[in-house]
Colleague: 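Got a structure for you, questions after.
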Amino acid sequence: MEHLDMRKKVTIMLAIMASMLFASLNQTIVGTSLPRIVTVLGGMEYFNWVFTIFMLASSVTAILVGKLSDIYGRKIFILTGLGIFMVGSFLCGTASDMIQLIIYRGIQGFGGGMIMSTAFTAVGDLFSPRERGRWQGLMSSVFGLSSVLGPTLGGYIVDHFDWHWIFWIFLPVGVVAFFLILRLFPNTETGGEKKRIDYFGSLFLIFTMIPMLLAFSWAGENYAWTSFEILGLFAFSIAALAIFILIEKRAENPVLPLDLFKNKIFTLSNIIGFLIGIGMFSSIMFMPFFIQGVMGTSASKSGFVMMFMTLSMVFTSTITGQVVTRTGKYKKLALTGALIMAIGMYLLSTMDMDTSNRMAAINLIVVGFGLGMAFPIFNLTIQNAVPHSNLGVATASIQLFRQMGGTVGVAVMGSVMSSRMESKLAEGLNHFPAGHASGLTDKLKGLDPQILLSPEKLEDLRSQIPPEMSGLFDQIIHFLREAMSFALSGVFLSGMGVMLLAVILTLFLPEIPLRTSNRDPSEGEGDQGRDSTGTDLQPQN
């Protein structure tokens with residue numbers, strides 16, 4: 001598709017970005033709306049599955065479709081993904097109970113994985129590696145934009161309209177994107193005869209991923225890390241992985257070619273992407289706990305503070321893409337971004353109950369600045385390092401590893417938070433007076449510190465306390481805030497350590513010039529040949 005004129009390429013990219021915006025908005029809009037949905041549909045015990053099923057379906061679909069799109073082209077899969085996603089979105093709005101909503105969210109995830117996988121790969125079809133930088137940056141900013149608009153719109157819709165509209169309001173965007181891609185997106189030639197699909201490899205890849213993602217999603221929250229359920233899921237996943245590797249070594253057309261991992265850039269980029277996923281979700285998922293639970297900021301103002309991180313990421317990812325396209329260099333930007341993100345995580349770890357919303361926003365801007373620099377680059381490094389015939393599966397791999405990093409990160413950081421919280425509570429509550437106040441302290445020992453996130457429940461509890469004990473009550477609540485601050489500081493310090501590891505690994509990432517043509521390097525002078533302009537593709541020092 002490189003031969004298309006720039007005007008048509010830009011139009012296609014606008015349609016692709018509209019597809020991504022449609023899919024990502026439907027993910028981010030659910031978070032703030034779910035409490036209201038649960039009160040209507042019931043099924044509080046299942047609400048985590050609204051997110052988990054989407055993550056599972058989209059992760060599995062993305063990696064499978066990545067390989068299939070290398071065989072059959074991107075157009076059929078992005079259109080199929082949009083169609084399935086629209087059907088899933090419509091059905092979500094018709095759900096009459098939580099089980100139905102979970103099933104329909106699974107359908108959404110199935111389509112969403114197709115959209116995300118093929119959208120980023122389509123950039124590689126339309127543009128050479130040298131040109132992709134600016135478009136990868138713009139596409140990354142779409143996620144940031146949806147993170148700003150989604151929660152705000154979700155809260156507004158459930159406050160002023162029926163909750164069903166959170167799933168229906170963006171359907172027109174999906175319809176427009178569908179017909180634009182149907183009309184404009186060319187049918188790509190994959191070259192050569194169609195090879196046999198690796199069904200058994202695909203099956204055991206699914207058997208590897210789903211138990212592993214479920215284990216990390218449930219560990220520390222639904223089950224203990226050492227419980228039979230979690231250990232069993234990990235054991236099943238490891239056994240499936242061993243079988244998967246044996247199948248892939250013999251497969252004529254493997255769903256995930258193992259030879260790709262012999263490519264140092266491919267392997268390092270995926271590992272770094274995994275670490276960035278941990279760092280990103282450590283800040284996105286746990287910072288609201290700090291803003292609301294420790295600083296005492298309201299939920300609406302908390303969303304406003306978090307928005308600064310997102311806006312910083314959107315701005316920086318766009319600029320970074322332009323710089324990469326102009327200079328053809330990416331390693332220093334990746335290093336700088338990961339280092340700035342590590343510094344930002346350290347700044348988050350230094351906050352306490354006296355931190356102002358302004359200072360929290362500044363610290364989040366630093367994290368967003370680093371994330372915006374590092375996030376889009378590793379899509380580019382992987383696409384630049386593999387043959388164009390493997391573009392789809394390679395692009396899907398970085399998304400998979402980043403998603404896995406987020407899943408693992410939330411589970412591990414959640415355990416860090418819980419263990420530090422428990423140790424702090426055990427240490428401090430023993431210092432409170434016994435005697436006539438023992439009933440109060442006993443009650444608060446069993447209190448979930450997450451009550452700090454609900455001012456209404458906190459005030460309700462306060463109203464049940466005798467006036468003469470109000471001073472003690474305030475002391476204990478103050479201590480709970482200190483305990484949560486201590487726990488979250490450990491989370492952010494752990495995130496800093498993860499990002500410093502990403503910095504170290506990036507130092508070992510070879511930098512080869514970005515090709516100015518989609519012609520595979522192997523068509524030149526070996527694997528490290530020359531691009532269409534004669535540029536030497538040997539790694540740079």
Colleague: Only one of F54, Y104, W218 passes ring-ring contact (aromatic ring centres under 6.0 Å, His included) with W49; say which it is.
Modeller: W218

Colleague: Is a side-chain donor or acceptor of T267 paired with a backbone partner of K264 at a separation under 3.5 angstrom?
Modeller: no

Colleague: Hey, is the main chain of P510 close enough, under 3.5 Å, to the side chain of K331 for a donor-acceptor pair?
Modeller: no

Colleague: Answer yes or no: are there more than 12 heavy-atom neighbours, outside F90 itself, under 6.0 Å from its atom CZ?
Modeller: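 For F90, atom CZ is not crowded (no more than 12 foreign heavy atoms under 6.0 Å).
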
Colleague: Which atoms form the tightest heavy-atom contact between L391 and D70, and what is the distance?
Modeller: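 That would be N-OD1, 3.6 Å.
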
Colleague: Check step by step if side-chain contact (heavy atoms from CB on, under 4.5 Å) holds for V255 and L64.
Modeller: CA-CA 7 Å; V255 64; L64 297 181; 3.9 Å; yes

Colleague: Is any side-chain heavy atom of E248 closer than 4.5 Å to a side-chain heavy atom of D198?
Modeller: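 Result yes, sub-4.5 Å side-chain heavy-atom pair found.
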
Colleague: Around F369, counting heavy atoms of other residues, nucleotides and ligands shown, do more than 12 lie under 6.0 Å from its CZ?
Modeller: no

Colleague: Evaluate the salt bridge (charged side-chain N to carboxylate O under 4.0 Å, His left out) criterion for residues D259 and K262: first the C-alpha distance (whole Å), next the side-chain angles of each, then the deciding distance (0.1 Å), finally the verdict.
Modeller: CA-CA 5 Å; D259 286 346; K262 296 178 182 178; 3.5 Å; yes

Colleague: Please tell me whether R105 and Q108 have a donor and an acceptor in their side chains that are separated by less than 3.5 angstrom.
Modeller: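 Judged by distance alone, the side chains do pair up.
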
Colleague: Looking at CD1 of I382 and CZ of F401, how far apart are the two atoms once the value is rounded to the nearest 0.5 Å?
Modeller: 8.5 Å

Colleague: Find out whether S58 and M116 are in side-chain contact, i.e. whether some heavy atom of one side chain is under 4.5 Å from a heavy atom of the other.
Modeller: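 Side-chain contact under 4.5 Å: no.
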
Colleague: Report the C-alpha separation of L56 and M209 in whole Å, then their side-chain angles, then the decisive distance to 0.1 Å, and conclude whether the side-chain contact (heavy atoms from CB on, under 4.5 Å) test is met.
Modeller: CA-CA 8 Å; L56 289 174; M209 289 172 53; over 6 Å; no

Colleague: Check whether T208 reaches the backbone of F204 with its side chain - one donor and one acceptor, N or O, closer than 3.5 Å.
Modeller: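 Such a contact is found between T208 side chain and F204 backbone.
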
Colleague: Side chains of S282 and V498: closer than 4.5 Å at any heavy-atom pair?
Modeller: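 No, side chains not in contact.
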
Colleague: Could you check whether any side-chain heavy atom of S89 comes within less than 4.5 Å of a side-chain heavy atom of F170, counting everything from C-beta outward?
Modeller: no

Colleague: To the nearest 0.5 Å, what is the distance between CZ on R402 and OG on S59?
Modeller: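 The OG atom of S59 is 12.0 Å from CZ of R402, to the nearest 0.5 Å.
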
Colleague: With heavy-atom distances below 4.5 Å as the criterion, would you say the side chains of F244 and L256 are in contact?
Modeller: yes

Colleague: Does atom OH (Y199) have a neighbourhood of more than 12 heavy atoms from anything else shown, all under 6.0 Å?
Modeller: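 12 or below, so no.
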
Colleague: Within the structure provided, determine whether F281 and V408 are in side-chain contact (heavy-atom separation under 4.5 Å).
Modeller: no

Colleague: Could you verify whether a donor N or O on one side chain and an acceptor N or O on the other, from S69 and T118, lie under 3.5 Å apart?
Modeller: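 Result is no, nothing qualifies.
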
Colleague: Can you find a heavy atom in the side chain of F378 that is under 4.5 Å from one in the side chain of I265?
Modeller: no

Colleague: Should the heavy atoms of other residues, nucleotides or ligands under 6.0 Å from CZ of F77 be counted, would the total exceed 12?
Modeller: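 Enclosed: over 12 neighbouring heavy atoms sit under 6.0 Å from CZ of F77.
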
Colleague: Which pair of heavy atoms, one from S317 and one from P376, lies closest together, and at what distance?
Modeller: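 Looking at all heavy atoms of both residues, the closest pair is CB-CG, 4.2 Å.
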
Colleague: Please assess M309 against L371 for the test side-chain contact (heavy atoms from CB on, under 4.5 Å), listing each intermediate value before the final yes or no.
Modeller: CA-CA 9 Å; M309 173 183 166; L371 184 58; 4.0 Å; yes

Colleague: Less than 4.5 Å apart, any side-chain heavy atom of F200 and any of I243?
Modeller: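 Counting from C-beta outward, F200 and I243 never come under 4.5 Å.
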
Colleague: Tell me the closest heavy-atom pair linking G368 and S312, and the distance in Å.
Modeller: C-OG, 3.4 Å

Colleague: What is the minimum heavy-atom distance between G279 and M499, and which atoms define it?
Modeller: CA-SD, 4.1 Å

Colleague: Which atoms form the tightest heavy-atom contact between M295 and T355, and what is the distance?
Modeller: CE-O, 3.5 Å

Colleague: Measure the CG-CG distance between L488 and D352 for me, rounded to the nearest 0.5 Å.
Modeller: 12.5 Å

Colleague: Show, in sequence, the C-alpha distance, side-chain angles and deciding distance for F120 and M20, and conclude whether the side-chain contact (heavy atoms from CB on, under 4.5 Å) test is met.
Modeller: CA-CA 9 Å; F120 277 99; M20 289 181 56; 3.6 Å; yes

Colleague: I need the T395 OG1 to I63 CD1 distance, nearest 0.5 Å.
Modeller: 9.5 Å

Colleague: Where does the angle between the aromatic ring planes of F290 and F492 fall among parallel (under 30°), tilted (30 to 60°) and perpendicular (over 60°)?
Modeller: tilted

Colleague: Considering all heavy atoms of both residues, which atom of P254 and which atom of K67 are nearest to each other, and what is their separation?
Modeller: O-CE, 3.1 Å

Colleague: Rounded to the nearest 0.5 Å, how far does CE of M353 lie from OG of S485?
Modeller: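 Those atoms lie 7.0 Å apart.
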
Colleague: Quick check: does any side chain N or O of T316 sit under 3.5 Å from a backbone N or O of M313, one acting as donor and the other as acceptor?
Modeller: no

Colleague: May I ask you to decide if S415's main-chain N or O and S418's side chain share a donor-acceptor pair within less than 3.5 Å?
Modeller: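 No; zero donor-acceptor contacts below 3.5 Å.
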
Colleague: Under a 3.5 Å distance rule, please check whether N263 uses its side chain to pair with a backbone N or O of A385 as donor and acceptor.
Modeller: yes

Colleague: Report yes or no: does E511 contribute a side-chain atom to a donor-acceptor pair with the main-chain N or O of Y330 at less than 3.5 Å?
Modeller: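 Side chain of E511 to backbone of Y330: a pair is present.
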
Colleague: State the OG-CD1 distance between S269 and I377, to the nearest 0.5 angstrom.
Modeller: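 Here the rounded value is 10.0 Å.
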
